[in-house]
Structures are given as C-alpha cells and as structure tokens.
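Labels below follow one simple rule: chain letters A, B, ... track the order of the sequence lines, proteins then strands, and each chain is numbered from 1.
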Amino acid sequence: MAQKTEKQYWLMKSEPDAYSWDDLAAEWQAGDNRDHPGQNPGMWDGVRNYAAAKHMRAMKTGDEVFFYHSQKGLEIVGIAGVATEHYTDPTDSKAEERKTKFVCVDIKPLRNLDNPVSLQAIKANPKLSDMQLVRQGRLSVSAVTPEEWAEILRMASLPSSS
DNA sequence: GCCAACGTTGGC
DNA sequence: GCCAACGTTGGC
C-alpha cells in the first residue's frame, strides 16, 4: 500500500543567542548535543507549550522546517528536516507527575536560504497574512501550508528582500 | 526596556 | 470548572 503521506511543513523559532542555525549545524558536525551531552544532535527540547507540543507530535520524518531566529535577526535563515519523530523530552523532569508528557523531535540542517526572509517581509506579503507565525506571534512551533512554504521559498530566491 | 498577547496556575 | 493573577514570549 502506498502510504502516501504528504510532506508537512513547519516553522520553529529559536533565539540565536541561545541556539542558532549555526549551532544546529555545529551539533551535527560534532555528532553530539552541545547542551545535553549524549543526547541527539538537533534535539528540540524544552518546549513547554501544548500547542507547540501538539505540532511536534504531528511531525513525521522527512517533514521540512523553516528555522527562524527570534529576538535577533527576526528572519527565516534555513531549512531543516525532521530527523527523528517525537519522543519524551529528557529535560522534562516533571514528566512523570503529569498526564501528558512533553516531547521533542530531532531536526537536521538541510540548507541555508539564499536570502533570509524577514518577518517584516512576511508581514508585508498579503499571501502570508494568515500564517500562524503572523497570527500567533508567540507560538514557537507553528504549521506552514504548502502554499505559504512555496511563497517563502520564492521570496528567498529573490535578491535581498530588505 | 516596554508592553501586548496569551498561556498557565491556583483559589474559590 | 471558572476566572483573576501571574509569568513568559517576542516584536517594537
């Protein structure tokens, strides 16, 4: 049977001072997890928001993820892939006391965007006005529709969108 | 550094 | 189970 699951698209935010796109690449190069030695490179831990966790539970291997720098940069800088589907977050110390355990996934860097796509440019694009990123600014893991994904890729191929 | 948005917590 | 208080995120 052809399990024809469509590839899904996501967007994940990180403060570059805490964990940047380059840090992700460095972890994969080192083959280890910088902050949690022995854990997987690219482990997306620490999410303690149910909406974000729900998205991570829905992620499948091979799904693609925009990597967004929050606080500083405010732009999508690269594309990562889901390398490992969700598992219990080893940094969730209260997991046992709670019914719902928080989870993490592993992501790996796939490629840089030729031109990072800024939040400003996204907000200025009417085609992207319904993006979860725009509608729900605080959500750290959000869903991206195929149409939004394609539009952002188009923007990333254009000369500097600033 | 401020403040709006919004998720979470805890008292009732 | 409601809702006010509180805490955190993240853009500006």
Side-chain angles (χ1 to χ4, degrees), chain A residues 8-27 33-36 39-59 63-82 85-110 112-145 147-156 158-162:
Chain A
Q8 304 173 101
Y9 300 103
W10 310 96
L11 181 145
M12 291 169 124
K13 293 182 183 179
S14 188
E15 294 182 37
D17 283 350
Y19 189 85
S20 70
W21 173 246
D22 287 342
D23 293 333
L24 176 66
E27 280 192 345
N33 188 290
R34 183 194 63 185
D35 298 322
H36 306 283
Q39 300 289 349
N40 298 336
M43 179 176 76
W44 208 265
D45 63 289
V47 172
R48 297 293 181 270
N49 172 288
Y50 289 106
K54 190 180 166 193
H55 284 143
M56 295 210 293
R57 287 175 185 277
M59 288 183 186
D63 284 358
E64 296 190 44
V65 180
F66 282 138
F67 195 106
Y68 175 84
H69 279 166
S70 62
Q71 310 284 10
K72 287 185 178 178
L74 308 187
E75 60 189 9
I76 297 168
V77 291
I79 296 173
V82 175
E85 291 176 15
H86 70 90
Y87 53 96
T88 303
D89 188 338
T91 70
D92 184 7
S93 57
K94 301 239 179 77
E96 296 309 318
E97 317 166 12
R98 221 186 294 107
K99 300 177 213 133
T100 319
K101 295 172 164 53
F102 282 112
V103 296
C104 42
V105 298
D106 300 336
I107 62 169
K108 63 169 184 252
L110 296 180
N112 302 322
L113 291 192
D114 295 334
N115 303 289
V117 177
S118 69
L119 180 65
Q120 199 183 348
I122 289 169
K123 285 185 167 174
N125 187 332
K127 289 180 185 164
L128 301 176
S129 58
D130 282 336
M131 271 192 83
Q132 244 183 345
L133 174 71
V134 176
R135 289 289 185 87
Q136 255 181 293
R138 295 195 331 159
L139 191 58
S140 63
V141 180
S142 59
V144 179
T145 68
E147 292 75 20
E148 291 162 352
W149 184 270
E151 178 63 11
I152 288 170
L153 288 186
R154 192 187 65 77
M155 292 163 77
L158 301 174
S160 192
S161 58
S162 54

- Please work out if Gln136(A) contacts a base, only the sugar-phosphate, or nothing of the nucleic acid, heavy-atom cut-off 4.0 Å.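 Result for Gln136(A) = sugar-phosphate.
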
- Note on the structure: Of Ala51(A) and Gln71(A), the one whose nearest nucleotide on DNA chain B sits closer to the 5' end is Gln71(A)

Can you tell me how far [atom2] of [N] sits from [atom1] of [X], to the nearest Å?
X	N	atom1	atom2	answer
Phe102(A)	dG7(B)	CZ	P	13 Å
Lys54(A)	dT8(B)	NZ	P	13 Å
Glu75(A)	dC12(C)	CD	C1'	16 Å
Asp17(A)	dG11(C)	CG	P	13 Å
Asn49(A)	dT9(B)	CG	P	11 Å
Arg135(A)	dA5(B)	CZ	P	14 Å
Lys13(A)	dC6(B)	NZ	C1'	12 Å
Leu139(A)	dT8(C)	CG	C1'	14 Å

- Please tell me which of the listed nucleotides, dT8(C), dG10(C), dT8(B), lies nearest to the side chain of Tyr50(A)? dT8(B)

- Could you please name the option among dC12(C), dT8(C), dT8(B) that lies closest to any side-chain atom of Lys123(A)?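 So the nucleotide nearest the side chain must be dC12(C).
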
- Record whether the side chain of Arg48(A) comes under 3.5 Å of the base of dT8(B) through a donor-acceptor pair of N or O atoms.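 Absent.
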
- Query: Does the side chain of Val77(A) reach to within under 4.5 Å of the side chain of Asp22(A), using non-hydrogen atoms?
  - Reply: no

- Message: Any heavy-atom pair between the side chains of Met12(A) and Val105(A) that's under 4.5 Å?
- Response: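 Yes; the side chains approach each other to less than 4.5 Å.
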
- Do the ring planes of Phe67(A) and Tyr19(A) sit parallel (below 30°), tilted (30 to 60°) or perpendicular (above 60°)?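 Tilted.
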
- Task: Among Val141(A), Leu133(A), Leu74(A), Leu139(A), find the one that has a side chain to side chain contact (heavy atoms under 4.5 Å, CB included) with Lys13(A).
- Result: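 The side chain to side chain contact (heavy atoms under 4.5 Å, CB included) with Lys13(A) is passed solely by Leu133(A) among Val141(A), Leu133(A), Leu74(A), Leu139(A).
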
